[in-house]
Amino acid sequence: MAGVDNWRTCLNELKIFKQLRENNCTDSIQKRKLHSKSLVQVLDSDVYVWDGYAAQLLNYNLKNFSDSPDKKSRSQTLLCTDPPRFDVDGIDFNQSKSFLAIWGSSGVMVLEMPQRWGKYSEFEGGKPAVTCKTTSVAEHYFTSHKSVQLLQVAWHPGSETDSHMTLLTSDNLLSTYDLREPDVPIHIVTLGDSLQDLTDSPSKTSYRAALGDVAASFDFGPPVELKRKNRFHSTLTSPDVVWPAYIVFGNGDVVIAYTDLSPDPSSIQKLSLQGPLVMLPPAEDNYGVDACSIAVLGTVPSVLVIGTRDGKLHHCLVMQSSLEDTNLQSETQSVISTDTSLLYEAPDDVSLYVYESVELELSLTTTSLKTEEFIEDTFTCPIKIIKDPMAPDRYHCIHSAGVHTIVLPWIQEYQKFFADNVGENVPEQEDCIVEHLICTKPLPSSPVAPVLGLGLVRGLSVEPSLLTLTWDYELVSLPLCPSRYRDSAGPLHTDEDPTTIESPLRRLSREPFDLYIKKILQRNVTNPKLKFDKKTEISQQECFQLLTRATQVFREEYLQKQEHAQQEIQKRTRMLRSLRAQQEGDVRSLEVSRNHVRNMAESLATKYSDCQDKQEEILQRIEEVMRRLQEKMPMMSEAERGMKRELETMEEQLEIYKRSLDQLKIKQDYQRRQISQTPNRQLSSPSLKSSQLKQLREVLQQEGDDLGNLLKRVNSLKLEAGV
């Protein structure tokens, strides 16, 4: 495992990444944009980085560090049959990892991933360079509309073939394309005014964007099942499930567009755009007027994250609207709604309940040496929200000033609250956890150094790691320590031992003591890793400001909280020691009581045994006395009279049996005489066979035995009764 962990420090020394750094840093310093990109994708241990200088995709497996030195430098290059001619802003795999979307503001292309085989399961058996088929999507549209910019690309989650992608363009169109027909959209949703022309000039487009009338970002939510208005339409081929796309505009408005991938989506296209959604509690600035990104976390209920250019993040719960919210939404309904569907009822209205808002620290907060006041920083930049595939309550933000990680620990409590369907115990207010991992713009005067990509590495060690591509094409790896926050995935072993006795103190306390200490040690501000331009000249005064700020953070967020935690632990230790001493005294007292009770139990058991023997002896004596008294009584008892009647009845029956037996003997003698008088007669007469005679003899013999037994019994009973 130690060999595998070396990739965190030795990754930049590999030849493939050295060449990447040399090519792009010398070629595109002047063309470097001021906003962040997504040029890195990580699938388990495979790292994919887009090389803009050579227009190719680089692949490296981090597990090579644990093998021989020859395999350590082994990498592969994926070449495009038709390289993109535009500046690439991001790469994104589909769910099955069979296609890779390569997109920029001027177009999008799809790279078909090659097959893997061989000993190490590499592309085409491990060839250093592999040529991959590349397909351009909506090429004709972007060629004929030069002023239109591509804002975002996402693979459609409802695609059965995993070959549909959705594009958001600056002309307020949300288009879905199938790779089998890459130039013809199968579904289009108009988000803006229908009077807007696609041939608007770039200046007019920027003017609309300045007013916030242009959609900035979108993300798909969980599927929604539609209800049909008429049950006779149940035989139609139209689907009953659609995928809502949450779209945020620059002015902060959020709308929902319902998308479908069926061959005839005409009925779905008639579904009205829902929105702008009501955000509660209402705010004068609509929670920011410069929204730039949106993300739907995979939780129940859905949590919507809205990011603005000034570093603010709003965490909203998506819930069904009440009657008052529905009336308010109908009053503020936008004009972009279209006709309602003829086949389906309109989906339920939803509202956004803003749980909390947090402001990211883009540049480090420093104080002036003269006035000791905080230096105000007016820097703004777009923020990209990247969802964490391992934990639904965690996501990452990359921007032109660094990397942040945000954890929402309150999501678990709300999931339990909604799963139990109990509306009494509402979860307590709990703040999110924000970690500033990397800072590329430490001071307001520092130049912009955008982050070019971020990926999550898992499977190489116990803790996952974040792999970040900085502005100078260096890879920075930082471990995600689960001890800093509550891990949503939970422990690996959750089975409780049924024989374990829980302490009463655990039931009395509102929360476990370890969580209480974690909350105390939870840091509100962190010291990120500084990664800025090495050529930037920093004065001694600015260095002192950074040192002062770092010292203050260490003092307030580390030392003071550790001292507080130490005091709480000592207090808890003293309390537990006193309780332990008291419980030990109680245990000793209980031991004495147990010995006394044990001795008393032994004595009582001996006495009980003696009493039981004495009782049996007395019962035997009483029975003997009663028997003798009964014998001396001149009159018979009811039992004796009943026995006498039974004997008399048996005697009468014996007389009857005796007479019957005599008759049978006479008949037997008669039959013998008849047989002896006719010696020539056949033994087997037609009226009585030999088997019948044998059976008759057995019956007579058995009756004779029964009569003999009855006589013996009667005689014995007479002797006992004295009759």
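Values reported hereafter were calculated over all heavy atoms of this structure, with side chains retained and with hydrogens, waters and symmetry mates removed.
- Smallest separation of non-hydrogen atoms from Trp155 and His164: CE3-O, 3.4 Å.
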* Val318 and Val296: CA distance, side-chain angles, deciding distance, side-chain contact (heavy atoms from CB on, under 4.5 Å) verdict -> CA-CA 9 Å; Val318 182; Val296 182; over 6 Å; no
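- One distance of note links CD of Glu435 with CG of Leu466; it measures 9.5 Å at 0.5 Å rounding.
- In plain terms, the two heavy atoms of Val189 and Tyr258 that are nearest each other are CG2-O, 4.4 Å.
- Minimum interatomic distance between Pro281 and Val354 (heavy atoms only, all atoms of both residues): CD-O, 4.1 Å.
- Side-chain contact check for Ile398 versus Ser38: some heavy-atom pair is nearer than 4.5 Å.
- Within the 4.5 Å cutoff, the side chain of Cys381 has no heavy atoms near those of the Val448 side chain.
- Annotation: the span from Leu437 atom CG to Cys439 atom SG amounts to 11.0 Å, rounded to 0.5 Å.
- Counting only heavy atoms from C-beta outward, the side chains of Pro157 and Gln95 approach each other to under 4.5 Å.
- A ring-centre distance under 6.0 Å is not found for Phe142 and Phe86.
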* Asked: What's the verdict on side-chain hydrogen bond (donor to acceptor under 3.5 Å, both in side chains) for Thr259 and His156, showing C-alpha distance, side-chain angles and the deciding distance?
  -> CA-CA 9 Å; Thr259 61; His156 201 288; 2.9 Å; yes
In a table with atom names and distances, give each donor-acceptor pair under 3.5 Å that connects a side chain of residues 300-309 to protein atoms at least two apart or in another chain.
| from | atom 1 | to | atom 2 | distance (Å) |
| --- | --- | --- | --- | --- |
| Thr308 | OG1 | Asp310 | OD1 | 2.4 |
| Thr308 | OG1 | Lys312 | N | 3.2 |
| Thr308 | OG1 | Lys312 | O | 3.3 |

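- Shortest non-hydrogen contact noted between Gly402 and Val451 is O-CG2, 3.6 Å.
- The two residues Val148 and Thr169 come nearest to each other via the heavy atoms CG1-CB, 3.6 Å.
- Every residue meeting the ring-ring contact (aromatic ring centres under 6.0 Å, His included) condition with Tyr414, not counting sequence neighbours, appears here in chain and number order: Tyr355, Trp410.
- With salt bridges taken as basic N to acidic carboxylate O contacts below 4.0 Å, one links Asp87 and Lys37.
- For Asp183 (side chain) and Glu139 (main-chain N/O), a donor-acceptor pair under 3.5 Å exists by modelled atom type.
- Here the side chain of Lys441 pairs a donor or acceptor atom with the backbone of Leu443 at under 3.5 angstrom.
- In this structure, the separation between OG1 on Thr190 and CG on Asp171 is 9.0 Å, given to the nearest 0.5 Å.
- Between Leu454 and Lys384 there is no side-chain heavy-atom pair separated by less than 4.5 Å.
- A side-chain donor-acceptor contact under 3.5 Å links Asn24 to the backbone of Tyr53.
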* Asked: So Thr405 and His396, side-chain hydrogen bond (donor to acceptor under 3.5 Å, both in side chains) or not? Walk me through it.
  -> CA-CA 4 Å; Thr405 294; His396 313 281; 3.0 Å; yes
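- Listed for the Glu356 side chain is no donor-acceptor partner under 3.5 Å among the backbone atoms of Asp431.
- For the atom pair CD of Gln320 and OG of Ser351, the computed distance is 9.5 Å after rounding to the nearest 0.5 Å.
- Put simply, the side chain of His404 does not reach to within 4.5 Å of the side chain of Leu313, judged on heavy atoms.
- Between the side chain of Gln41 and the main chain of Ile91, a donor-acceptor pair closer than 3.5 Å is present.
- With sequence neighbours excluded, the residues satisfying side-chain hydrogen bond (donor to acceptor under 3.5 Å, both in side chains) with Tyr395 are His315.
- Using modelled atom types, one finds no donor on one side chain facing an acceptor on the other under 3.5 Å when comparing Ser36 with His399.
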* Asked: When you look at Ile406 and Val358, which way does the side-chain contact (heavy atoms from CB on, under 4.5 Å) test go after all the steps?
  -> CA-CA 10 Å; Ile406 296 90; Val358 60; 5.5 Å; no
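- Minimum heavy-atom separation, Ser217 to Cys292: CB-O, 3.7 Å.
- Annotation: side chain of Leu280 is in contact with side chain of Tyr353 (closest heavy-atom distance under 4.5 Å).
- A distance-only check finds no donor-acceptor pair linking the side chain of Asp92 to the backbone of Trp103 [under 3.5 Å].
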